[in-house]
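All values derive from a computational prediction rather than experimental measurement. We count ligands from 1, going down the list as the structure has it; atoms in each ligand are counted the same way. The basis for the numbers below is simple: all heavy atoms, side chains too, and nothing from hydrogens, waters or symmetry mates.
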Amino acid sequence: MDFYIVLGVDRAASVSDVKRAYRRLARKYHPDINPGDREAEAFFLRVTEAYETLIDPDRRQDYDVNGGRHVGPPVGEVEFQGFDFSGITAARDESASTFGDLFADVFVNSAASRTSGTGGGGVDLHARVGVAFEEAMKGGERELTLTRVARCDVCGGSGVRRDVEVRCPECAGSGQLRWTRGHMVFSRQCVQCRGSGRRSQRPCGACRTEGVVSRTEVVVVPIPAGVIDGMRLRMARQGSAGSRGGEAGDLYVTVTVEPHPVFERDGDDLRLVVPIAVHEAALGARVEVPTVSGSATVRVPPGTQSGQRFRLRGRGAPSPQSGERGDLVVSVRIVLPRILDERSKELMREFGRVNSEDVRAELLG
Ligand SMILES: [Zn+2]
Ligand SMILES: [Zn+2]
């Protein structure tokens with residue numbers, strides 16, 4: 001095993017070259033990123049050994065001269081010289097901050113890559129709610145049940161739980177992990193406690209160190225007064241939570257407004273067709289009409305034609321942006337009575353004789 005080949009650096013590599021190579025490999029092969037992968041663990045061990053050796057000027061020189069044959073004491077096997085990495089613990093103490101920095105980097109990046117690949121940010125969620133026409137006019141709230149990634153309550157999103165300082169369960173307090181493979185005896189610093197043998201925090205079991213859990217929750221969606229059919233409401237940071245403190249995504253709620261049997265929306269105006277009787281159209285009348293906020297009276301002047309429009313200012317729909325109300329536009333439709341009795345028929349004949357002007361004069365020229 002050539003340390004330079006393991007790290008993929010050349011013999012003239014600087015300390016920062018070595019660090020960079022190590023960081024790159026640690027991101028890929030660290031046991032915490034590849035849980036249960038023995039091959040990755042074994043390779044990571046070699047990478048770590050190479051890094052520990054090449055980062056230390058004395059040991060690097062020794063390695064360059066002696067080819068690393070003196071690294072670690074023999075462990076009592078005749079035909080094979082075992083590796084023992086315990087000798088590097090002392091050197092590690094002085095580079096402890098560097099070591100910690102390297103891993104902080106690894107953990108942040110692995111956490112980010114596991115969620116969405118955009119710096120630990122949570123994903124946006126999309127939902128639909130249907131509201132009745134009246135509800136859309138008044139506004140209100142809607143409860144929405146959705147399953148989203150939420151911050152872990154147990155660890156507050158950090159992925160670790162603070163504990164009273166205890167003996168590290170990973171290494172039983174020794175700060176070292178030892179194992180044999182074939183004739184080789186391995187030992188390395190315990191990653192969990194970084195060689196201290198003591199642990200004051202432990203991985204959060206509730207979220208498996210992700211800092212987030214999947215949870216079904218009720219979200220209250222505020223429905224703005226005057227919401228328009230098909231409108232999309234954005235609820236900032238109400239989407240899925242980001243991993244380990246990463247910013248949450250947004251929740252987008254598309255609102256469907258049920259049509260109303262008589263009111264029709266046109267921008268912020270509402271349209272309403274009002275039937276009026278012949279005599280009301282001819283003689284004029286005060287007609288009571290419904291609005292979305294109680295009834296109103298429309299004054300129909302004498303001689304009103306079918307289809308004529310009247311505008312009731314401020315009786316339309318509220319603007320979802322400004323809250324200002326549009327108008328209610330009333331179109332009248334003249335409805336003839338079903339004339340069956342002789343008296344009514346006679347009156348209509350009489351009416352026709354008195355008003356004998358040609359109503360189609362303009363049409364025929
Ligand atoms: Zn947790
Ligand atoms: Zn430990």
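- The pair Asp327-Arg309 does not count as a salt bridge, with every side-chain nitrogen at least 4.0 angstrom from each carboxylate oxygen.
- For the pair Glu346 and Arg353, the salt-bridge criterion is met [side-chain N within less than 4.0 Å of a carboxylate O].
- Note: angle at the Zn ion (ligand 1), from SG of Cys207 to SG of Cys204, is 100° (rounded to 10 degrees).
- Here the angle centred on the Zn ion (ligand 2), running from SG of Cys190 over to SG of Cys193, is 100°, rounded to 10°.
- Angle SG (Cys155) to the Zn ion (ligand 1) to SG (Cys152): 110°, rounded to 10°.
- Taking the charged nitrogens against the carboxylate oxygens, Arg20 and Asp17 do have a contact shorter than 4.0 Å, which makes a salt bridge.
- Between Arg142 and Glu135 there is a salt bridge, since a side-chain N of the basic residue sits under 4.0 Å from a carboxylate O of the acidic one.
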